[in-house]
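One structure is given below, encoded as structure tokens.
Below, chain A is the first sequence line, B the second, and so on; all start at residue 1.
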Amino acid sequence: MIARVVFDLPVERAFSYRVPTALAGRIGPGQRVLAPFRGRPRLGVVVGMEPADDPALASLDRARDPIAALSPVLLEVAQAVAREACAAWGQVVLRSLPPEARGGAPDGLPEASRVSSGIARARLVVGRERERLIEEGAAEALGAGRGVLVLAPEIELAKAWVRRLRVRCGVEPVLLHGAVPPARRWEGWWALRQGRARLAVGTRSACLAPIPAPGLTVVVDEHDPAHKAPAAPRVHAREVARARAAREGGDLLLTSAAPSLESWYRARAGEAELEETKGDGWPTIERVDLRGAPRDRCLAPPLRAAIARTLGEGRQVLLLLNRLGFGAALRCRECGAVRRCPACRIALTYHLEGRRLHCHLCGLSTPARSLCPRCRGRRLEGLGWGTERVEAEAREAFPGVAVARLDGESARGRRGPAIRRAFQAGAIRLLVGTQMAARLLPHPEVGLCAVVSADATLDLPDFRAGERTFQLLWGLAEALGPDASLWIQSHYPEHYALEAVARRHAEAFYETELAFREELDLPPRRRLARLLVRGPDGAGLAASLGARLRTDAGLAVYGPTPLGDRRWQLLAKGGATLPDALGACLEPLRGRHRLVGGRWELDVDPVELG
DNA sequence: CCTATACGTACC
DNA sequence: GTACGTATAGGC
């Protein structure tokens with residue numbers, strides 16, 4: 001017999017090994033094996049067996065475990081997902097397994113569960129009841145003797161779901177994420193594989209967990225970019241979940257306060273049932289126009305008054321800064337808006353070198369002078385204010401009020417939980433924080449929540465800037481009670497994302513946003529891939545790769561656009577077959593990643609453009 | 001003429 | 001990814 005083996009390498013091929021007679025019958029697809037590779041034993045996974053022999057081939061050293069870590073179906077899922085992401089099958093497979101640990105698997109696999117094909121039921125659930133539907137769905141599937149996988153975008157959220165499901169389902173869920181020690185991850189993995197456990201909760205690293213007879217796969221906060229791996233293999237957990245459900249059967253449940261345009265679009269096309277669970281009541285939404293407001297203050301007078309009122313009523317206040325890593329945009333001093341690309345409408349990014357503005361979508365490059373028709377000079381201005389700054393202003397404006405700050409810096413060590421507890425207990429009356437502070441909601445004592453500058457996300461140099469802003473604001477509004485108010489400061493108070501939140505009319509946002517995406521041939525209508533290039537001659541390499549994609553693959557290619565100092569980006573636009581087109585064109589260059597000039601990396605269906 | 005480094009290739 | 005081969009430059 002010959003075993004086909006893949007490794008954690010950025011290569012397409014599987015490698016062939018003879019199966020020594022001593023191992024015959026003990027080796028099969030999905031099994032981890034140690035195979036001689038470049039003279040040393042290397043960990044690989046068997047993806048296929050062939051009834052042939054070739055004495056010229058090397059022989060497998062041994063099986064790493066007595067049983068296969070993955071089922072043949074999950075190997076197929078990994079292959080399909082790898083193909084869509086232009087990633088190597090072996091990397092998707094091996095990086096989905098827990099890292100190597102001491103000890104081996106227990107012996108014995110249960111009868112292979114009969115695999116049904118096709119998703120039984122795909123749902124996209126929005127609204128306040130969505131969490132209850134997850135609990136119900138999980139309990140129901142477990143009750144029917146089926147397995148359940150719940151994927152959350154962050155470790156903390158995964159832990160919270162373990163607590164909820166433990167109570168609701170009466171079983172101990174297997175928790176799988178990057179911070180769980182390898183030995184414990186394998187323990188849980190084998191328990192699932194052997195059918196001793198049927199419920200798993202985890203982050204994207206758990207997306208290929210061996211759930212026995214899956215009845216339900218849940219993707220919590222499906223819109224969250226954290227579901228996609230930030231480095232190769234750049235696989236999106238939501239797409240793995242979809243591929244799994246299509247091949248393993250069972251229900252697919254995607255949930256979000258404000259879903260991604262991709263999922264909303266699919267639901268609209270009939271690929272999933274859109275289920276809106278409306279809770280009643282919406283907070284009062286107040287928009288503050290920052291145009292013309294003094295730039296040295298971060299809290300406008302009407303907002304200050306409202307905060308004072310709220311504190312006076314004995315309720316708590318939350319001030320949020322959504323600083324999701326901003327590009328160096330140029331803001332006009334007069335009108336406050338940043339300069340945008342006339343074609344793509346996304347914020348232009350300022351590059352010190354040559355004092356030029358670049359569009360990261362279409363590659364437009366223009367001199368930074370003549371910044372704004374209404375403004376004589378140009379002024380580089382950071383977007384938004386820091387949390388410390390807002391905290392200081394709040395202390396000064398509301399003397400005697402217990403003010404605290406919750407951000408990456410102040411939450412370091414054991415301080416985060418202490419601040420959270422103090423806020424929940426009411427000891428802190430006004431809390432200034434970043435995204436992580438938003439997680440404190442829902443909290444009924446909060447009477448006012450303010451987004452200090454919605455522009456921090458609206459001015460991101462990303463065509464999803466509007467979508468991100470809408471998702472953030474909608475999520476906040478939903479988490480606040482009807483007797484609370486949400487204040488939004490912005491230079492674009494009439495922006496349709498803000499308008500839709502104020503009117504509690506999500507559909508209006510999605511329709512407008514989709515029209516914009518369709519007009520510019522952007523996702524979800526069409527697909528994008530970005531090619532990241534770096535190296536001493538990144539510019540030259542990017543240009544030649546771009547030319548190749550244009551002529552050989554016939555793709556619409558934008559750029560190269562500079563990303564900081566030595567990084568360049570190309571964007572390729574295509575249809576459903578984009579990964580195949582890219583593969584066919586770039587495959588001959590594989591193994592030559594280090595072309596003269598630098599190295600390059602592909603990101604198919606990027607969720608964030610930098 | 002020999003050793004140091006650079007890039008391209010193949011890995012079973 | 002990375003060890004290894006061959007091409008290439010620099011050193012004596």
Side-chain angles (χ1 to χ4, degrees), chain A residues 1-24 26-64 68 70 75 78-79 81-83 85-100 178 182 205 229-235 531-545 548 552 566-568 582-604:
Chain A
M1 284 293 262
I2 286 176
R4 301 279 291 158
V5 178
V6 293
F7 299 96
D8 182 5
L9 296 172
V11 292
E12 285 307 307
R13 294 200 316 284
F15 296 80
S16 297
Y17 291 89
R18 302 177 80 187
V19 180
T21 42
L23 293 179
R26 309 199 64 228
I27 300 275
Q31 201 125 29
R32 294 197 301 163
V33 290
L34 285 158
F37 194 86
R38 278 190 185 283
R40 353 184 78 251
R42 189 182 178 113
L43 188 68
V45 168
V46 177
V47 293
M49 302 292 288
E50 287 166 10
D53 190 28
D54 182 351
L57 295 174
S59 292
L60 290 179
D61 291 325
R62 62 183 178 92
R64 175 65 185 77
L70 289 168
L75 286 174
Q79 186 178 35
V81 157
R83 181 178 168 169
C86 287
W89 189 8
Q91 290 204 299
V92 173
V93 169
L94 277 113
R95 304 234 183 152
S96 302
L97 298 172
E100 186 57 322
S205 62
R234 294 173 186 262
V235 162
L531 197 62
L532 294 157
V533 183
R534 63 178 153 190
D537 185 27
L541 177 58
S544 66
L545 286 169
R548 202 184 178 99
D552 294 8
R566 286 204 183 83
R567 276 157 46 85
W568 294 79
L582 289 167
C585 177
L586 299 173
E587 193 55 40
L589 301 177
R590 278 271 187 178
R592 271 211 264 169
H593 270 19
R594 271 164 286 185
L595 276 179
V596 191
R599 29 170 88 220
W600 50 272
E601 199 190 339
L602 255 181
D603 183 3
V604 181

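Of the inter-residue distances, the one linking A:Leu97 atom CG with A:Leu70 atom CG reads 5.0 Å to the nearest 0.5 angstrom. Taken from CG in A:Asp54 to CZ in A:Arg18, the straight-line distance is 7.5 Å, to the nearest 0.5 Å. Note that CZ of A:Arg64 is 11.5 Å distant from CD of A:Gln31, once rounded to the nearest 0.5 Å.
Remark: P of B:dC12 and CD of A:Glu50 are 17 Å apart, rounded to the nearest angstrom. We find that CZ of A:Phe15 is positioned 12 Å from C1' of B:dT9, with the value rounded to whole Å. We find that CD of A:Glu12 is positioned 16 Å from P of B:dC11, with the value rounded to whole Å. In this entry the distance linking CZ of A:Phe7 with P of C:dA3 reads 15 Å, nearest Å. Separating the CZ atom of A:Arg95 from the P atom of C:dG1 is a distance of 8 Å, rounded to the nearest angstrom. The interatomic distance linking A:Arg599 (CZ) with B:dC7 (C1') rounds to 12 Å, in whole Å.
Sequence neighbours left out, the pairs with a member in residues 85-95 of chain A that pass side chain to side chain donor-acceptor pair (under 3.5 Å) are A:Asp8-A:Gln91, A:Asp8-A:Arg95.
In this structure, A:Arg13 reaches the bases: a heavy-atom distance under 4.0 Å links it to at least one base atom across the strands shown.
Contacts between residues 33-48 of chain A and DNA chain B, defined by a heavy-atom separation below 4.0 Å, involve A:Pro36, A:Phe37, A:Arg38, listed by number.
Shown here is A:Arg83, whose CZ atom has no more than 12 heavy atoms of other residues, nucleotides or ligands within 6.0 Å.
With sequence neighbours left out, A:Ala58 forms a side chain to side chain contact (heavy atoms under 4.5 Å, CB included) with A:Tyr17, A:Pro36.
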